[in-house]
Visitor: 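Mind having a look at this structure? Questions to follow.
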Amino acid sequence: MDKKLKEKLKQMFCAPEPMKKKSFLKNIRQREISMFQMICQQFFYLRKTIWLLVIGVCVVAFFGVSTMNNNTVLVISSLSPLAAGLACLEMYRSYRYGMTELELATRFSLKSVFFSRMVIIGIVYLAAFVIITPVMSVRFGTDIFSIALRILVPYLMSTSLCLHVERTKLGRKTPQISMLIACVISISVFVFRNNQLFRLHTSESFMLYMPQWKFVILFSLIILTIYENYKTLNTMEDFVCI
């Protein structure tokens with residue numbers, strides 16, 4: 001094509017200079033999203049298995065209460081480790097799908113996403129626990145602290161152990177290691193159901209004997225779980241390198 005023709009075509013179809021381009025770009029501001037709003041948004045990204053398990057636990061609890069099934073507390077306490085295992089799988093979902101490097105560079109980092117999932121799952125589980133525990137206590141005439149111990153001990157044990165294992169190379173190479181640990185603890189609850197630790201008491205006998213060693217175990221597991229969550233939260237950047 002002739003060079004003169006090319007020049008004329010460029011002049012005819014040349015895009016005009018953008019007017020007020022700099023002022024327009026200055027007016028474009030990034031939308032401000034608080035940490036609370038980000039946590040609320042993460043509610044919709046939880047997998048259905050979490051919600052189904054919580055609903056299933058509540059259904060089992062209310063069905064057992066309505067039929068006066070004495071094994072209801074045992075079933076609920078054996079399901080609590082599975083809830084802990086699913087929670088760990090959900091919190092580590094970014095690593096499972098290879099999204100860690102991308103989320104480390106986003107506006108809300110991987111640490112923020114992990115923290116938001118931790119908070120959401122904790123709130124959901126706490127709500128279910130607060131609902132079913134008093135109901136079972138009143139219906140079966142059992143002390144509420146005794147039921148709480150029986151449910152929380154295997155749950156906290158599973159949570160702390162799963163979080164610890166997930167940070168190791170074994171946890172990285174074995175995607176379902178958390179559920180395996182949870183299943184082992186769940187089966188152990190059935191095997192050791194007659195152990196003194198899991199024995200239920202009425203309000204009178206519980207206050208009379210005051211098994212302080214049970215509270216020592218419970219508070220130790222609470223502190224251990226908080227420590228494992230804190231340690232995991234502060235080593236999120238290392239996951240990319242493993």
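Note: hydrogens, waters and symmetry copies are ignored here, and every other heavy atom, side chains too, is used.
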Visitor: Can Trp51 be reached from Ile131 by stepping across I, L, V, M, F, W or Y side chains whose heavy atoms are under 4.5 Å apart?
Guide: yes
Visitor: Give the cluster check for Phe145 versus Val138: same hydrophobic cluster or not, with ILVMFWY residues linked at side-chain heavy-atom distances below 4.5 Å.
Guide: no
Visitor: Roughly how far apart are Ile120 CD1 and Phe115 CZ, rounded to 0.5 Å?
Guide: 10.5 Å
Visitor: Going hydrophobic residue to hydrophobic residue with side-chain gaps under 4.5 angstrom, can you get from Val184 over to Ile151?
Guide: no
Visitor: For residues Cys162 and Cys88, report the shortest heavy-atom separation together with the two atoms involved.
Guide: CB-SG, 3.4 Å
Visitor: Would you say that Glu228 contacts Arg167 through its side chain, given a criterion of any heavy-atom pair below 4.5 Å between the two side chains?
Guide: yes
Visitor: Partners of Val165 by side-chain contact (heavy atoms from CB on, under 4.5 Å), sequence neighbours excluded?
Guide: Leu161, Thr168, Ile177, Ile181
Visitor: Nearest 0.5 Å, what's the OG1-CD1 distance between Thr133 and Ile76?
Guide: 9.0 Å
Visitor: Quick one: SG on Cys183 to CD on Gln176, what's the gap to the nearest 0.5 Å?
Guide: 10.0 Å
Visitor: Linking I/L/V/M/F/W/Y whenever their side-chain heavy atoms sit closer than 4.5 Å, directly or via other members, would Leu149 and Phe219 fall into one cluster?
Guide: yes
Visitor: Do you know which of Leu82, Val153, Leu221, Ile185 makes side-chain contact (heavy atoms from CB on, under 4.5 Å) with Ser158?
Guide: Ile185
Visitor: Side chains of Pro134 and Ile144, heavy atoms from C-beta outward: is any pair under 4.5 Å?
Guide: yes
Visitor: Please give me the minimum heavy-atom distance between Val54 and Val124, naming the atom from each residue.
Guide: CG2-CG1, 3.6 Å
Visitor: Between Leu224 and Leu156, is any pair of side-chain heavy atoms under 4.5 Å apart?
Guide: no
Visitor: Decide yes or no for Arg47 and Leu89: does some side-chain heavy atom of the first lie under 4.5 Å from some side-chain heavy atom of the second?
Guide: yes
Visitor: Just so I know, are the side chains of Tyr155 and Thr225 near enough to count as touching, which here means a heavy-atom distance under 4.5 Å?
Guide: no
Visitor: A side-chain contact here means heavy atoms from C-beta on lying under 4.5 Å apart; do Thr72 and Phe63 qualify?
Guide: no
Visitor: Determine whether Glu166 and Ser178 satisfy the following criterion, side chain to side chain donor-acceptor pair (under 3.5 Å), listing intermediate values before the conclusion.
Guide: CA-CA 7 Å; Glu166 284 285 358; Ser178 293; 2.5 Å; yes
Visitor: Look only at the side chain of Thr232 and the backbone of Asn229, and say whether a donor-acceptor pair between them is shorter than 3.5 Å.
Guide: no
Visitor: With rounding to the nearest 0.5 Å, note down the distance linking OH in Tyr125 to CG in Leu86.
Guide: 5.5 Å
Visitor: Spell out, yes or no, whether Val135 and Met68 are grouped together once hydrophobic residues are joined by side-chain heavy atoms under 4.5 Å, including indirect joins.
Guide: yes
Visitor: About how many Å separate CE of Met136 and CZ of Phe62, when rounded to the nearest 0.5 Å?
Guide: 9.0 Å
Visitor: What's the shortest heavy-atom distance between Ser186 and Ser78, and which atoms?
Guide: OG-O, 2.5 Å
Visitor: Rounded at 0.5 Å granularity, tell me how far SG in Cys58 sits from CZ in Phe129.
Guide: 12.0 Å
